[in-house]
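Only one structure is covered here, and it is reproduced in the block below.
The first residue of the sequence shown is numbered 1, and numbering continues consecutively from there.
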Amino acid sequence: MNFLQTEIMKMDSLLFDVAFNTCDLPLFKQIVSKDLEFYDDRSGLNTSIDKEIMAFKDRCSKPFTVTRQLISSEVHKLGNYGALQTGKHAFYVAGKKVEEAKFSTIWQKTENSWIMKRAISYDHKGITNQ
């Protein structure tokens, strides 16, 4: 794995394995851009970081856990701006796989770290035979 891939995989892990899966809102806010654009095949475009934070809080207030697991990922350099990460991931509710989807994320390199600028989540498929 090259340096860029290592950096982006670290950020993916911080965003999902830590912030998303353990409901660490302060970390989530550090990683996600204030001008995030989130495209989803089910709900369309969201450009409100406040809506993303509300959705995060709502998910974390449920009496069951929702977690994400990375299945596959590729990382590509975007000049001196950052990186494009594409891949596939699965979502679990209370430990049971309920959905798989594909994603594309644009990560912007900042002075100190990386932030998620744009995200596309698509091709969601529910899991029926578990």
Side-chain angles (χ1 to χ4, degrees):
M1 197 178 305
N2 67 36
F3 179 75
L4 179 62
Q5 291 170 318
T6 300
E7 287 286 296
I8 297 305
M9 294 310 295
K10 174 182 153 194
M11 293 309 301
D12 181 273
S13 180
L14 284 172
L15 179 61
F16 286 103
D17 296 341
V18 180
F20 185 91
N21 288 354
T22 68
C23 294
D24 186 334
L25 183 58
L27 180 60
F28 180 79
K29 288 179 178 179
Q30 284 179 0
I31 295 172
V32 176
S33 174
K34 289 177 180 39
D35 67 344
L36 173 72
E37 288 180 3
F38 181 65
Y39 301 84
D40 187 283
D41 63 347
R42 301 158 303 175
S43 58
L45 171 63
N46 178 29
T47 58
S48 169
I49 189 62
D50 292 335
K51 282 185 183 177
E52 284 301 312
I53 290 170
M54 284 182 357
F56 186 98
K57 288 179 178 178
D58 180 60
R59 179 181 51 78
C60 291
S61 70
K62 303 283 189 221
F64 51 83
T65 58
V66 177
T67 57
R68 179 263 200 177
Q69 181 179 30
L70 183 65
I71 297 171
S72 64
S73 177
E74 290 185 12
V75 176
H76 305 275
K77 184 177 179 178
L78 293 176
N80 63 1
Y81 180 81
L84 169 67
Q85 178 189 19
T86 60
K88 190 172 183 180
H89 48 198
F91 293 90
Y92 295 78
V93 173
K96 181 180 177 189
K97 186 195 276 189
V98 295
E99 185 175 64
E100 286 187 358
K102 295 176 183 172
F103 69 93
S104 296
T105 303
I106 295 178
W107 292 95
Q108 180 184 11
K109 179 70 173 143
T110 65
E111 205 172 296
N112 302 326
S113 188
W114 294 85
I115 57 171
M116 184 174 71
K117 287 289 277 189
R118 307 289 179 257
I120 304 169
S121 187
Y122 61 99
D123 199 26
H124 287 83
K125 291 183 168 68
I127 306 298
T128 55
N129 298 336
Q130 284 286 318

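- Side-chain contact between Q108 and R118: absent, with no pair of heavy atoms (C-beta onward) separated by less than 4.5 Å.
- Identified under the side-chain hydrogen bond (donor to acceptor under 3.5 Å, both in side chains) test for residues 25-36, with sequence neighbours left out: S33-D35, D35-K117.
- Between L4 and N2, the shortest heavy-atom contact is N-OD1, 3.1 Å.
- A distance of 5.0 Å separates CD1 in I31 from CG in L14, rounded to the nearest 0.5 Å.
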side-chain contact (heavy atoms from CB on, under 4.5 Å), that's the test. Do S113 and M11 meet it? Break it down for me. CA-CA 9 Å; S113 188; M11 293 309 301; 3.8 Å; yes
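- Between K125 and E100, none of the side-chain N atoms (NZ, or NE/NH1/NH2) sits under 4.0 Å from a carboxylate O, so this pair counts as no salt bridge.
- Residues passing the ring pair (Phe, Tyr, Trp, His ring centres under 6.0 Å) test with F103, sequence neighbours excluded: H89.
- Residues I53 and M116 fall within the same hydrophobic cluster, defined by Ile, Leu, Val, Met, Phe, Trp and Tyr side chains chained together at heavy-atom separations under 4.5 Å.
- Proximity of Q85 to D12: side-chain heavy atoms (C-beta onward) are separated by under 4.5 Å at one or more points.
- Applying the disulfide (SG to SG under 2.5 Å) test to pairs two or more places apart or on separate chains, none has a residue in residues 67-97.
- Taking 4.5 Å as the limit, some side-chain heavy atom of V93 sits within range of a side-chain heavy atom of V66.
- Nearest approach of I127 to E99, heavy atoms of both residues: CG1-N, 3.5 Å.
- Applying the ring-ring contact (aromatic ring centres under 6.0 Å, His included) rule to pairs touching residues 28-73 yields F28-F56, sequence neighbours excluded.
- The aromatic rings of F91 and F20 sit perpendicular, their planes meeting at an angle over 60°, well past the 30° parallel limit.
- Contact record, A119 with L36: N-CD1, 4.5 Å, taken as the closest heavy-atom pair.
- Note: the hydrophobic cluster containing V18 does not contain Y92 (ILVMFWY, side chain heavy atoms under 4.5 Å, direct or indirect links).
- A continuous path of Ile, Leu, Val, Met, Phe, Trp and Tyr side chains, each step under 4.5 Å between heavy atoms, connects W107 with F16, placing both in one hydrophobic cluster.
- When every heavy atom of D40 is checked against every heavy atom of H124, the shortest pair comes out as OD2-CE1, 3.7 Å.
- Ion pair D41/K102 not flagged as a salt bridge, since none of the NZ, NE, NH1 or NH2 atoms sits closer than 4.0 Å to an Asp/Glu carboxylate oxygen.
- Between atom CG of residue D24 and atom CG of residue D17 there is a gap of 12.5 Å, rounded to the nearest 0.5 Å.
- Scanning all heavy atoms of the two residues, the minimum distance from A19 to L15 falls at CB-O, 3.2 Å.
- Separating the OG atom in S121 from the CZ atom in R42 is a distance of 5.5 Å, to the nearest 0.5 Å.
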N/O donor-acceptor pairs under 3.5 Å from side chains in residues 75-82, not counting sequence neighbours:
from, atom 1, to, atom 2, distance (Å)
H76, NE2, E74, OE1, 3.1

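- Residues satisfying the side-chain hydrogen bond (donor to acceptor under 3.5 Å, both in side chains) criterion with K109, sequence neighbours excluded, are absent altogether.
- Considering only heavy atoms from C-beta on, I106 stays 4.5 Å or farther from E37 through its side chain.
- Within the 4.5 Å cutoff, the side chain of W114 has no heavy atoms near those of the K10 side chain.
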